[in-house]
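For reference, positions follow the sequence shown, starting with 1. Atoms within each ligand, like the ligands themselves, are counted from 1 in listed order.
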Amino acid sequence: MGEKQTHQFKTEVQQLLRLIINSLYSNKEIFVRELISNASDAIDKARFKEQTEPDLFSDDTDFQIRLAVDPEKKTFTITDNGIGMTLDEVNDNIGTIAKSGTAAFMEALEKSKKETTLTPELIGQFGVGFYSAFIVADKICLETRAAGADKGVRWESDGQGTYSIEEIDKTERGTTITLYLKEPEEDDQDFTDEYTIQHIVKKHSDFVTYPVIMNLEKSEPLPENEIIKDKDGKPIGDTFKKVRKDETLNSMKAIWAQPKDEVTEQEHEEFYKHISHNWDKPLAVIHNKFEGVTEYDVLMYIPSKAPFDLFRPERKHGMQLYCKRVFIMDDCKELLPDYLGFVQGVVDAPDLNLNVSREILQEDRLVRNIRKNLVKRVFSTLEEMDPEKYEEFYNEFGQALKAGIPTDFTNKERIAALLRYKTTKSEGKYVTLDQYIGNMKEDQKDIYYITGENLNSLMNSPLLESLKAKDYEVLLMVDPIDEWVTQSLTEYKDKKLKSAEKGDLDVEKVDDDKKNEYSALLSFLKGKLESHVKDVVVSNRLKDSVSCLSGDDWGMSAYMEKILKASGQKTPEQKRVMEVNVNHPVMEKIKQIFETDTTNPVLTDYADLLFDIAVISEGGKLDNPSRFSKLMGDLMAKAI
Ligand SMILES: Nc1ncnc2c1ncn2[C@@H]1O[C@H](COP(=O)(O)OP(=O)(O)OP(=O)(O)O)[C@@H](O)[C@H]1O
């Protein structure tokens, strides 16, 4: 038997404990839900493992969660016969915060700047459920034995910075957690009261798929022959006796299998909270029975709020797979493509082979068929949403949806129709690509867009001058992911998507004579700016500004380059093209100086200035800002 060891909680756990206790002060009862949900997860894991290693579980397959209270000892106990934990697992899971969550959690906290309040939504999202027990307990004892292990483990802590851990003998597989409850404060519920616990379980954990059982005191009518009666046959004394009986507190209702119109909004809300661990309401409910060659039930929810870790690769998918109401697996990535991983729900497919493994699942024809139908349903739900509601969705999940454009070839066009962008003409409102096409000018052939970091600088970008002069609308794309969207969505309804920043805009032509007049100056400028630009050309984009930078049709946009650099990726040195506006008086003047004396040193200064202005106008950073300000100062002094 190993020694009893004492460990220090990781610093973030201590911080977290303090936060949890302070923040959930008025919502103490949620610890019941959190512990039941952990127990249920542990049974899910056991059920899953049982499919491949039935021997590990043969001693006890009657999966259940038990609750018990002791008003005298002031304890609350929860027991499950799930997967259990080994010593290392206890150390990893209970001494630290769920790894992936930690950093993100602290980040989000920082962001919200509400360091003393932690909403229940956060608790659910960050996987800190277990610690919520310290809201009500001043000591917790967890005893557990992993499936297949010889020894058990006891973990104990008063939540004050340390915990102890030791090996123990434990006969039953699974986990028992005993909370030594704090002295209740005024207005506190009594968590040793059976009725109170019954009520809380019904409220927060009714849909848990395993029975939550409690041995309750009940009144039962006495059998006729035990009732003492007077001479008129009227009972004297008690007609009831007190007995203790196991009772299942939750309904375990499989609401997905019920007829659609029999499920209330309230039930959906509760069930959604149960499966998603979210605390918001679902934005939309998709509830269908698919009938045909095979039958299956589908219940999906579109959340109303995006989770903090929507784009983290380790994030779990929201779909669970059931077979004849028996849980098979959660995080079922085979049921929906990655970009729809935020949808929460259940598929119950009775015809599925119960011994499925994840690898087999991918190949399964039935699963592929289900997936196709689920995707269709999600799309039709989004397409039919009223515009205001859809905008709510889009603000939360628009970026996720966009990730479908480069990854889901079959549905590309359908996703494209769901995109919304603000434009140079939409006055802050979203437009669809179809609306854009409807608004196109008669002589306009392509759909124009520009990508960048913020709407304001895009609106005023010199790259749009000639498009604006033609009264063409331009889509303003400010999500980094739009760069990937435009790379793969090159056409929509036979109209090309064309970057205002790249290639020949084909809008306005500068006549050849004028180009020829400038060709010597442009090659001179190119020589001067060789280390910065690939070429210097006459612009057909500019109307008012003197210079700008543009790219080739197939080159990387300035924003894309910035994104890649920011994410630490090596990007090949991208030289862009400097365009100059030959109708601008400044260019005329420079040309005159150049034609008089090609060695005039001021020409070098002007070349640098033209380049710097182009960089600044697209919100870029200058290599040498102090030289720029000196040149500007000199120029101003001359001009004034
Ligand atoms: N009853 C249990 N049986 C087996 N493992 C458990 C049990 N309770 C907790 N654990 C383990 O401890 C980990 C941490 O639990 P905790 O409640 O803090 O976070 P979580 O369950 O990952 O997140 P959340 O509760 O928000 O879903 C769990 O992921 C699980 O591995």
Considering the heavy atoms of [X], write down every atom of ligand 1 situated less than 4.0 Å from one of them.
X     : answer
Glu34 : 25 (O)
Ile94 : 12 (O)
Lys45 : 31 (O)
Ala42 : 2 (C), 3 (N), 4 (C)

Considering distance alone, does some N or O of [X] sit under 3.5 Å from an N or O of ligand 1?
X      : value
Phe130 : yes
Asn38  : yes
Asp80  : yes

(request) Taking all non-hydrogen atoms of both residues into account, name the closest pair between Ala146 and Arg173 and its distance. (result)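 Shortest heavy-atom contact: C-CG, 4.4 Å.
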(message) Pair Tyr390, Phe393 - check ring pair (Phe, Tyr, Trp, His ring centres under 6.0 Å), show working.
(response) CA-CA 5 Å; Tyr390 181 74; Phe393 163 82; 5.6 Å; yes
(message) Looking at Lys253 and Asp206, is there a salt bridge between them, counting it only when a charged N and a carboxylate O are closer than 4.0 Å?
(response)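 No salt bridge links Asp206 with Lys253.
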(request) Please determine if Lys203 and Glu270 form a salt bridge, counting it only when a charged side-chain N lies under 4.0 Å from a carboxylate O. (result)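 No salt bridge links Lys203 with Glu270.
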(request) Determine, step by step, whether Phe76 and Tyr180 satisfy the side chain to side chain contact (heavy atoms under 4.5 Å, CB included) criterion, reporting the C-alpha distance in whole Å, the side-chain angles of both residues, the deciding distance to 0.1 Å, and the verdict. (result) CA-CA 7 Å; Phe76 170 94; Tyr180 295 86; over 6 Å; no
(message) Let me confirm one number: the OG1-CD distance from Thr264 to Gln258, rounded to the nearest 0.5 Å.
(response)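 So the gap between those two atoms works out to 9.0 Å.
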(message) My understanding is that we take every heavy atom of each candidate and find the minimum distance to atom 31 (O) of ligand 1. Doing that for Leu142, Thr175, Asn93, Ile177, which one comes out nearest?
(response)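 Comparing heavy atoms across Leu142, Thr175, Asn93, Ile177, the nearest one to atom 31 (O) of ligand 1 lies in Asn93.
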